[in-house]
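Presented below is the structure to which this report refers.
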Amino acid sequence: PTILDLLRNIGSFGFQQRVIERIALVEKLLATVDPTALNRVGNDRGTQYRSGAYYHDDEQKASRSWNVAVAPDYLSRMVEPFEDPEVGLVTSLIVGDGEDDLGATLDHLHLNGFAAANVAASHLHTRETATIGKSMMFRRAVFAELGGFESVGSVLAEDYVMGRMFSEAGYKVTLATGEVRNICQRKSVRSFLGRHLRWGLLRSRVIPFVYVLEPLLNPIALATAGALLGLGSWVFLWALCLTLARDAFGWAIMRGLDGLFRAIPWGLAKDAMLFGVWVVAPLLRHVSWRGKRFRVSAGSRLYAGRPRG
């Protein structure tokens with residue numbers, strides 16, 4: 001079978017389309033030039049004939065569909081947990097890296113702090129590690145028995161639902177050693193907020209009882225509640241210190257000191273924004289995804305229009 005035949009049997013439809021488009025681009029390049037011939041295209045020679053593939057613009061270069069970097073031993077680390085026959089699905093910690101502007105910095109503060117801490121905590125203290133869609137491995141035959149990709153085809157939070165499918169079937173969902181790097185150079189603050197509004201909407205649909213407790217992990221939310229209860233303005237100083245310590249610790253664990261001192265001053269603003277997102281997200285009913293507008297129902301199931309009944 002060709003690689004295209006294999007792609008038709010794995011992943012979501014959106015993933016298939018993005019990979020097939022990239023393969024078509026590479027095939028067109030290889031049909032035009034021999035990339036192994038230095039400074040040569042056909043009979044034409046010279047440095048001006050050096051082969052290359054270039055991005056159309058910065059937006060394409062920073063496309064989130066192609067922003068994952070892994071270590072050379074990534075696959076062996078993902079396969080290793082399957083030595084335990086009870087393991088059904090393996091996922092990875094995601095590290096935000098490569099930020100050049102404020103929106104990307106805010107996103108990586110959240111990934112390297114709150115998000116990474118929650119995935120790690122679920123791994124250490126529960127049988128079901130929080131599943132991250134950017135990095136998952138499982139046995140296809142087992143997943144087919146559980147319902148297969150068709151069962152999550154209309155679900156927006158498909159990574160979470162897939163993790164639950166394995167867990168409820170009695171399998172362990174666990175974490176591989178090593179991490180996957182999410183490379184994002186540029187992101188507008190509006191895009192950052194839009195992404196977290198969508199994630200907040202998803203969490204409020206799939207884990208509503210956990211969602212209502214999320215402010216307990218947000219120092220800004222706790223400080224606001226404390227001030228309203230008359231504890232004084234000192235609670236905001238406490239929130240500032242706690243936020244700086246939390247973000248610095250999480251960033252240092254995940255990335256070391258690289259970019260740390262540029263990022264942590266924005267932690268308080270990030271938490272304030274996400275507290276607002278937490279308030280607004282459950283009120284939303286629709287989401288724009290892959291250029292289309294869908295209504296989001298219970299369990300994050302998507303409908304093109306208003307669901308019947």
Here the pair of heavy atoms bringing Val206 nearest to Ala157 is CG1-CB, 4.2 Å
Indicate if Leu193 and Phe114 have the same hydrophobic cluster label, given that clusters are the connected sets of ILVMFWY residues with side-chain heavy-atom separations under 4.5 angstrom. no
Minimal heavy-atom distance between Met78 and Ala176, with the atoms involved, is SD-CB, 3.6 Å
Closest non-hydrogen contact found for Ser151 with Gly148 is OG-O, 2.6 Å
Once salt bridge (Lys or Arg N to Asp or Glu O under 4.0 Å) is applied, what residue pairs with a partner in residues 266-281 remain, sequence neighbours excluded? Arg246-Asp271
Identify whether Leu201 and Leu156 are in the same connected component of the hydrophobic contact network (ILVMFWY, side-chain heavy atoms under 4.5 Å). yes
Please indicate whether Trp266 has more than 12 foreign heavy atoms, meaning atoms of other residues, nucleotides or ligands, lying under 6.0 Å from its CH2. no
Can you name the side-chain hydrogen bond (donor to acceptor under 3.5 Å, both in side chains) partners of Asp159, sequence neighbours left out? none
Under the side chain to side chain contact (heavy atoms under 4.5 Å, CB included) rule, collect the residues that match up with Leu197, sequence neighbours excluded. Val277, Val280, Ala281, Leu284
Which residue, Asp107, Asp100, Asp101, forms the salt bridge (charged side-chain N to carboxylate O under 4.0 Å, His left out) with Arg186? Asp100
Run the salt bridge (charged side-chain N to carboxylate O under 4.0 Å, His left out) test against Asp73 and tell me which residues pass, sequence neighbours left out. Arg77
Nearest non-hydrogen partners of Val173 and Gly163, listed with the distance: CG2-O, 3.5 Å
Any salt bridge (Lys or Arg N to Asp or Glu O under 4.0 Å) involving residues 210-219? Give me the pairs, sequence neighbours left out, ordered by first then second residue. Arg203-Glu214
Are Leu217 and Ile207 grouped together when hydrophobic residues (ILVMFWY) are joined by side-chain heavy atoms under 4.5 angstrom apart? no
Is a side-chain N or O of Thr243 found less than 3.5 angstrom from the main chain of Ala239, in a donor-acceptor match? yes
Atom CG in Asn112, atom CG in Asp97: separation rounded to 0.5 Å? 8.0 Å
Nearest heavy-atom contact between Pro208 and Arg205 is CD-O, 3.9 Å
Once rounded to the nearest 0.5 Å, what's the spacing between atom CZ of Phe138 and atom OG1 of Thr131? 10.5 Å
Please check: side-chain N/O of Tyr211 versus main-chain N/O of Leu202, any donor-acceptor pairing under 3.5 Å? no
Reported NE2-to-CZ distance for the pair His286 and Phe294, which is rounded to 0.5 angstrom: 11.0 Å
Side-chain touch Phe143/Met165, heavy atoms, less than 4.5 angstrom: yes
Please tell me whether Leu229 and Ile220 are part of a single hydrophobic cluster in this structure, the criterion being side-chain heavy atoms less than 4.5 Å apart. no
Show the numbers, then the answer: is there a side-chain contact (heavy atoms from CB on, under 4.5 Å) between Val155 and Met162? CA-CA 10 Å; Val155 176; Met162 288 170 68; over 6 Å; no
Check: Asp258 main-chain N/O paired with Arg255 side-chain donor or acceptor under 3.5 Å: yes
Can you list everything that forms a side-chain hydrogen bond (donor to acceptor under 3.5 Å, both in side chains) with Ser76? Sequence neighbours excluded, please. none
Please examine the side chains of Met254 and Leu111, heavy atoms only from C-beta on, and report whether any two atoms are closer than 4.5 Å. no
Using the ring pair (Phe, Tyr, Trp, His ring centres under 6.0 Å) criterion, which residues pair with Tyr160? Sequence neighbours excluded. none
Do His196 and His110 have side-chain heavy atoms sitting under 4.5 Å apart? yes
Determine whether a donor-acceptor pair (N or O, by modelled atom type, separation under 3.5 Å) exists between the side chain of Thr91 and the backbone of Ile132. yes
With rounding to the nearest 0.5 Å, note down the distance linking CG in Leu109 to CZ in Phe192. 8.5 Å
I need the Leu106 CG to Met273 CE distance, nearest 0.5 Å. 5.0 Å
Sequence neighbours left out, what passes side-chain hydrogen bond (donor to acceptor under 3.5 Å, both in side chains) with Asn218? Give chain and number order. none
In Å, rounded to the nearest 0.5 Å, how long is the span from OH of Tyr74 to CZ of Arg181? 14.0 Å
As a quick check of understanding, evaluate side-chain contact (heavy atoms from CB on, under 4.5 Å) for Arg140 and Phe149, giving each step before the final call. CA-CA 10 Å; Arg140 180 175 178 80; Phe149 287 107; 3.4 Å; yes
Set of ring pair (Phe, Tyr, Trp, His ring centres under 6.0 Å) partners for His108, sequence neighbours left out: none
Cluster check Val189, Val279: I/L/V/M/F/W/Y, side chain < 4.5 angstrom: no
Who else is in Leu216's hydrophobic cluster (ILVMFWY, side-chain heavy atoms under 4.5 Å, direct or via others)? Val212, Leu213, Leu222, Leu231, Trp234, Val235, Phe236, Trp238, Leu242
Applying ring pair (Phe, Tyr, Trp, His ring centres under 6.0 Å) to Phe275 and not counting sequence neighbours gives none
Counting N and O atoms only, with roles assigned by atom type, does the side chain of Arg190 sit under 3.5 Å from a partner on the main chain of Lys187, one being a donor and the other an acceptor? no
Can you see which heavy atom on Ala169 is nearest to which on Leu146, and at what distance? CB-CD2, 3.5 Å
Just to verify, what does Ser92 make a side-chain hydrogen bond (donor to acceptor under 3.5 Å, both in side chains) with, not counting sequence neighbours? Ser135
